[in-house]
Amino acid sequence: MAVYREGIEETIEAHQVNIETGLSSEQVIKSREEFGSNVFVADKRVPLWRKILISLQDVATIILLIAAVISFVSTYIEGTGHYFESLLIIGIVIINSILSIVQEGRAEDSLASLQNLNRMQAKVLRDGEKVLIDADDVVVGDLLVIENGAAIPADGRLIKAVELQAEESALTGESLPVEKNEKATFESDDDVSLGERITMVYRGTTIVNGHARAIVTAIGMQTEMGTIAGLLNSEAQNSLTPLQRRLVQLGKNISWVAIISAIFVMGLGVIQGMDLKHIFLIAISLAVAVVPETLAVIVTMTLALSVQTIAKKHAIIRRLPAVETLGTTNVIASDKTGTLTQNVMTVRQVWHDEQNHLSDVDENLDEPAVDVLSLAAISTNVEVNISDEKKTYAGLPTEVALVRAIETITSREELLRQYPLVEQIPFNSTKKRMTTVHELPDGGYIAITKGAFDVLLPMIKHGNSERAEEVNTSFGRRALRVLAIAKRIFDVMPESPTQEFYEQDLTLVGLVGIIDPPRPESAPAVEKARLAGVKTIMITGDHVETASAIAREIGILRSGDLTITGSELAKLSDQELDKHIKDYTVYARVTPTDKIRIIKSWQRQDATIAMTGDGVNDAPALKAADVGISMGETGTDVAREASDIILTDDNFATIINAISEGRGVYIKVRKTINFLLSANISEILVIFIAMLLGWGSPLLAVHLLFINLVSDGLPGFALSREPMLTNVMNQPPMAKHVKLFAQGLGRQIGLNAGLFAIVTLVAIWVGQNAVIGGLNPNEQIGQTMAFTVLSLTSIIHVLNIRSEKTLFSIKYSANPSLVNMAFLAAIITLVITLLPVTQPLFGLTMISLGHWAIIAILSLMPTIVIEFLKYIRPSLFRV
Ligand code: ADP
Ligand code: MG
């Protein structure tokens, strides 16, 4: 029988689970031996031979292979035996594919290892203890302890569920939560669809309400999710980031330029009566040389490396495009509690209503404070553990503060013995209150409601509300978070008691003021963001006075800025909100649904907004924001799943670091484009102009391919490791739809390509016309000089594009591999030009020392000109 139809007893029986203590360690080992681990079979990696095949499908590669064939055939017909050129082209194709496969593989590996950081955890009951384990270690038969906001790690049969609702869209496509019921039965024998199997919870779904226990019935590939895992994997991998997509588009545009210039060059050659095979090879290799094949790989590397750097700074990127979006972010909407503040809460003041007594809480609690705090502390979900005489507390920080305060006098356990818990209606940030019901020692019941003062106020019928309001305001001004405690005593429990029943006719007990100091990093981070043109706004469920006090302290609320509360927000129309959205920096007493309105309004102002969130109800807002940020330490699984980025330290300052890194990505990509396209465009210019001037063929196919692969390829890869040389955080963020060639990049490339073309053409002219060192000028000397000058110029150029400041301002240690690679490329260039064995292979010839002197001057010339221009007008060279 299908598991979901089984009765609870049957499931328990089948797995031999003790539902009080869970599996024993022996049972876990046995189960793992029998059923294995809770992992999906490693997703099939594309095998190497397929990768090679795929890389051969590249247009540039196909053009190259055609060139090799043409070269081979014509050599055969001519019978000269010079097969080197065709072999070299094929060699280049092979090296090129190996290089890109290796680099891409590395990028994939580093991204995969990050996914491991993002491991899911699961809470299970084993040997009588609740333990948090790696989701992979869950075994069949495990007793899952399921809390609100949890992600389900394996398929399980519910044995106890309280108001449980699961969001199963990943599995069923249905986005509305499904109500679960462990007791449900299925009448007809027909198979029931996944979404209707309400006695079960499934891997890959999340809990959006209630709590439950379930016995794991299927793990790994046996889960429902396992059966569709293959589908999901392939989908996730094929998506490109916006930047990658734009580069693919750029590549396509350049391919057109390449093809058109190739046709043009061929036409020119034919008119000038050049050798057909020769001109065809030039045209084709020009086409190939123009396309920056390495660009895409370098960008992937850059993204992967940045994701790693960001991870070291305590943020895990869940979706790659988020790195880029961070770079354009200009508004951060941050939670207060835990993100801007330390979330280490401490009770500071207690006000007793009946006695109208205010107590400062430090070492010793006085009588009235004990009265209020006792009730507050038993109305919590804090677990107190005592080990080695030291008490540790687990639970919501606000509640831990209450319990920690009372534990100096008595214990929560002792209090609960006096007032046994009957029922509880848990806290959530929409209701901003919670209620527990207890038996009274002398019969009857007490319902304790604690929550935000302004939420409780309308329900309070007995107590000095006027004085309470004053106290509330004074607490708030002192940046204290206020909890109001109220009670209701009744004799008999109605048949079906409701929340309304418990929370009517309340008597105020008192107010508790809790301090949650700001993190020391918050104020500097807010300031750093401000200098970087990023506005920080605070969104909190807390009271407006408390929120403003803290916001003022950390520089979010400055003179001229406004605050607004959730209820005031509700009264504003969208148009009114849009008009004033830029003035508000503190949103107090908001609910998670308000967050979406705030996001939407900013987005209508064309802002890129990052938003933090931790609760179940924050998930929609996290999705709506341009960058959704969740909390690794305190957040729920639901929020994490909905987010683009997880902060592993929950710290606001981490967001600012990630933004800085995101901006760096864009800059690195611009440098790469600048470097690669400058050389490629100069190649077109040289060939065009030389042919128009009737100088024959200025550069051979092998020359262009060599420059493409070695002179540009080697230093190019090192650009992905380039550190941030300029302070990206003292300039405004980039516009949302910023163009790749914006801010003068196109002009820079034009200038560079022009300079390169001029020196190369001069080199050709000298080689073809000047008698130097007793050597008579000829076409081959011209080609040798052109090749050496263009190759060396391009290699040196990698140093120019790094900064708008002089190249001497950058230390070797900033990016050693870049300098090393440039050196290597230069040495290889010199070696093949100087060695008599390689000269004929590359169509080069011996040149004199005088030629070399000219080559040295010409190769340095563009850099000298650029250095001079940088000196008089650095802004021209903005990176
Ligand atoms: P934040 O957005 O700052 O995280 P919360 O949503 O956690 O704010 O809390 C909002 C308000 O709800 C608080 O000001 C407090 O009055 C009340 N509150 C917070 N935690 C609890 C709790 N555990 N029980 C009852 N009320 C609470
Ligand atoms: Mg909160």
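Counting convention: from 1, in listed order, for ligands and their atoms alike. One-based numbering along the sequence shown. FYI, side chains are in, hydrogens and waters are out, and symmetry mates aren't considered; it's all heavy atoms of this structure.
- Evaluation of the side chain to side chain contact (heavy atoms under 4.5 Å, CB included) rule for A315 yields I310, I645, L647, T654 as partners, not counting sequence neighbours.
- Close approach of ligand 1 to A452 is summarised as follows: ligand atoms under 4.0 Å from at least one heavy atom of the residue are 16 (O), 17 (C).
- The backbone N or O of I556 sits less than 3.5 Å from a side-chain atom of T585, completing a donor-acceptor pair.
- In terms of N/O distances under 3.5 Å, ligand 1 is not approached by F427.
- At least one N/O-N/O distance between E399 and ligand 1 falls below 3.5 Å.
- Some N or O of T540 is nearer than 3.5 Å to an N or O of ligand 1, by distance alone.
- You'll find the side chain of I425 reaches within 4.5 Å of the side chain of K431, heavy atoms only.
- For T337, a nitrogen or oxygen atom sits less than 3.5 Å from a nitrogen or oxygen atom of ligand 1, counting backbone and side chain alike.
- Considering only residues two or more places apart in sequence or on other chains, F490 meets the ring pair (Phe, Tyr, Trp, His ring centres under 6.0 Å) condition with Y445, F501.
- Between I446 and L375 the shortest side-chain heavy-atom distance falls below 4.5 Å.
- Contacts between R589 and ligand 1, counted as non-hydrogen atom pairs separated by less than 4.0 Å, involve the side chain only.
- Looking at K432, M538, R481 and measuring to atom 5 (P) of ligand 1, the nearest heavy atom belongs to R481.
- For ligand 1, one of its N or O atoms has an N or O atom of G541 under 3.5 Å away.
- The distance from ligand 1 to the heavy atoms of L396 drops below 4.0 Å at these ligand atoms: 23 (N).
- Contacts between D542 and ligand 1, counted as non-hydrogen atom pairs separated by less than 4.0 Å, involve both the backbone and the side chain.
- Atoms of ligand 1 lying under 4.0 Å from at least one heavy atom of L483, given by number and element, are 15 (C), 16 (O), 17 (C), 18 (N), 26 (N), 27 (C).
- Formation of a donor-acceptor pair under 3.5 Å by the R348 side chain with backbone atoms of F475 is not found in this model.
- Between the side chain of S643 and the backbone N or O of I629 there is no donor-acceptor pair closer than 3.5 Å.
- Contact annotation for T380 and ligand 1: no heavy atom of the residue comes within less than 4.0 Å of the ligand.
- For the side-chain contact (heavy atoms from CB on, under 4.5 Å) with V382, the lone residue among L402, V400, L396, T398 that qualifies is V400.
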